[in-house]
Protein chains: 2
Amino acid sequence: MTRQPGKPGMGRGGSPPDIQHAMWLARSFGRTDYLLLRPEDLAALEGAGSYVSKYPGTHLFRQGEASTAAYVIQKGTVELYRGDHTESMVVARAGAGSVIGDIAMFRDEPYFQSARAVDAVTALRIERNRLLPVLMERPVIALRWLVAGLSQLERTQRRVLGLLHRTVLEQVAGLLLDEADDRGEIHLSQAAIARLLGTSRQSVNEALAELRSSGAVETGYRVIRLIDRPAAARAAAE
Amino acid sequence: MTRQPGKPGMGRGGSPPDIQHAMWLARSFGRTDYLLLRPEDLAALEGAGSYVSKYPGTHLFRQGEASTAAYVIQKGTVELYRGDHTESMVVARAGAGSVIGDIAMFRDEPYFQSARAVDAVTALRIERNRLLPVLMERPVIALRWLVAGLSQLERTQRRVLGLLHRTVLEQVAGLLLDEADDRGEIHLSQAAIARLLGTSRQSVNEALAELRSSGAVETGYRVIRLIDRPAAARAAAE
DNA sequence: CAACATCTGTCGCCGCCCCGACATTCCGGA
DNA sequence: TCCGGAATGTCGGGGCGGCGACAGATGTTG
């Protein structure tokens, strides 16, 4: 996922339907292009909710709360995690275009996990009571929503496979390939990587040392640079 | 779950969206548990596909094949796995009401995993070309399909959490609680359990020995009986 | 510039679990 | 009924990785 250095501090309330927004929404619902979202459908979805802005570290929702709404992320990255204050396990990271909180909302159960903004995040918040009629009225949007959910499911299934029978070195290499931006840089602390993989910081460090000594990456303060992509891919052994 | 008996025929073709229907949906979405697509939903989809029967051990589809259709399981259990002939990793097990193969089909990619019948399986096979019109025409079905997919996603997320920082003993205990039938029996070989958890048969055996010595279960040939559910739950440490 | 918080890099200990090997038990088919 | 395949039960060796500890490096704040 390419991360854009967008400008911070936005987030106004009611805005006129924006073509930019429409384009973004159209892109956000999966890579499939045989079903096009028409402008009026987009407007309907936007009209059913409102945009919220979150500072880094703040929560969109917490596990156990009543699930009254779902969120479509427009900008930024959100970390979905579960656990108490002492130890938390990261379930997934969600970027622009991802839908979060909809599972609990559709099933009318408390949120199963917490959602915390990693950086500056803006998201479209849609209440359950207002979403269902829209989805009933506009099957195209329902299908788009479906494809988004299924894409998330596939990513999670890949993660299960990544956790099974894979050494920490392979997992780290795979994560770096996933998370690198267009300049081949990954801006994550080693502790953050460890929490993403459900492993310990020390093991991540050891794996990075291995990759460094083989010339695949360079490591710095809060930044890792991919030097030799093929070498990293070989270490990931995918 | 009590089901409204007086519910008339759902959503016929060109009728305007029904708010009543939306409200009913909102109420009925809770507590769907393992029953994902319900029999009446299946009936509505029957016209778009045809039933296929599979003997134990045969495949509904294999990873890498072109994804032309999705399947809704009507009876039996299907194992979704990935890997070559030497070593395979089980991604999930799917029972009656589950939808499989839809991810790849909607995204128009080859199947990401293989689906093999564990026991005698009958499933409704639906081609993409015929499914999409039905979903467009009947938002109720589309929403149920959506909820089915999201439920699968939640189960997979739970599995991720189960793999992180959980000892084999805890995982085995959790699986037994999940998989036990109404008589408290689990009909799986220890090797099958091991493949489900991505661990080794010996470790599963050791964990079962532990549970047996603590009086939580009894073990037999291809069968495990839950004797003390609370004890097993304690061992699972959920 | 100094004090502080955070992050990186390493080491050693120890426990869980993978793996190979083997004996034993159970079940189904000829 | 007998036999072969499959499943269970157990042991020991070895390795990966969690955990605590600590030093040095790097931003950050007053």
Item to check | Minimum side-chain heavy-atom gap A:E79-A:V91 below 4.5 Å | outcome: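 No, every pair of side-chain atoms sits at 4.5 Å or beyond.
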Next on the checklist: Please identify which of these residues, A:V52, A:V121, A:V78, meets the side chain to side chain contact (heavy atoms under 4.5 Å, CB included) condition with A:Y71.
Outcome noted: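 Among A:V52, A:V121, A:V78, the one meeting side chain to side chain contact (heavy atoms under 4.5 Å, CB included) with A:Y71 is A:V52.
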Checklist entry - Can you name the one residue among A:L150, A:L146, A:V147 that meets side chain to side chain contact (heavy atoms under 4.5 Å, CB included) with B:L146? => result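 Answer after filtering A:L150, A:L146, A:V147: A:L146.
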Could you state the atom-to-atom distance from [atom1] of [X] to [atom2] of [N] in whole Å?
{"X": "A:R166", "N": "D:dC16", "atom1": "CZ", "atom2": "C1'", "result": "16 Å"}
{"X": "A:E210", "N": "D:dC16", "atom1": "CD", "atom2": "P", "result": "10 Å"}
{"X": "A:Q171", "N": "D:dG17", "atom1": "CD", "atom2": "P", "result": "8 Å"}
{"X": "B:E218", "N": "C:dC26", "atom1": "CD", "atom2": "P", "result": "14 Å"}
{"X": "A:H187", "N": "D:dG27", "atom1": "NE2", "atom2": "C1'", "result": "15 Å"}

Checklist entry - Salt-bridged, B:R128 to B:D108, with N to O below 4.0 Å? => result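 Salt bridge: yes.
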Checklist entry - Do A:Y51 and A:E46 get their side chains close enough for a donor-acceptor pair, meaning under 3.5 Å? => result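 Yes, A:E46 and A:Y51 have a side-chain donor paired with an acceptor closer than 3.5 Å.
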Next on the checklist: What does the B/S/- profile of nucleotides 2-14 of chain D look like, 5' to 3', with a 4.0 Å heavy-atom cutoff to protein?
Outcome noted: ----BSBBB----
Next on the checklist: According to side-chain contact (heavy atoms from CB on, under 4.5 Å), who are the partners of B:S200, at least two apart in sequence or on a separate chain?
Outcome noted: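 Once residues adjacent in sequence are excluded, the partners of B:S200 under the side-chain contact (heavy atoms from CB on, under 4.5 Å) criterion are B:Q202, B:S203.
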Next on the checklist: D:dG18, OP1 or OP2 - any side-chain N/O from A:S203 closer than 4.0 Å?
Outcome noted: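 A:S203 to D:dG18 OP1/OP2: side-chain N or O found under 4.0 Å.
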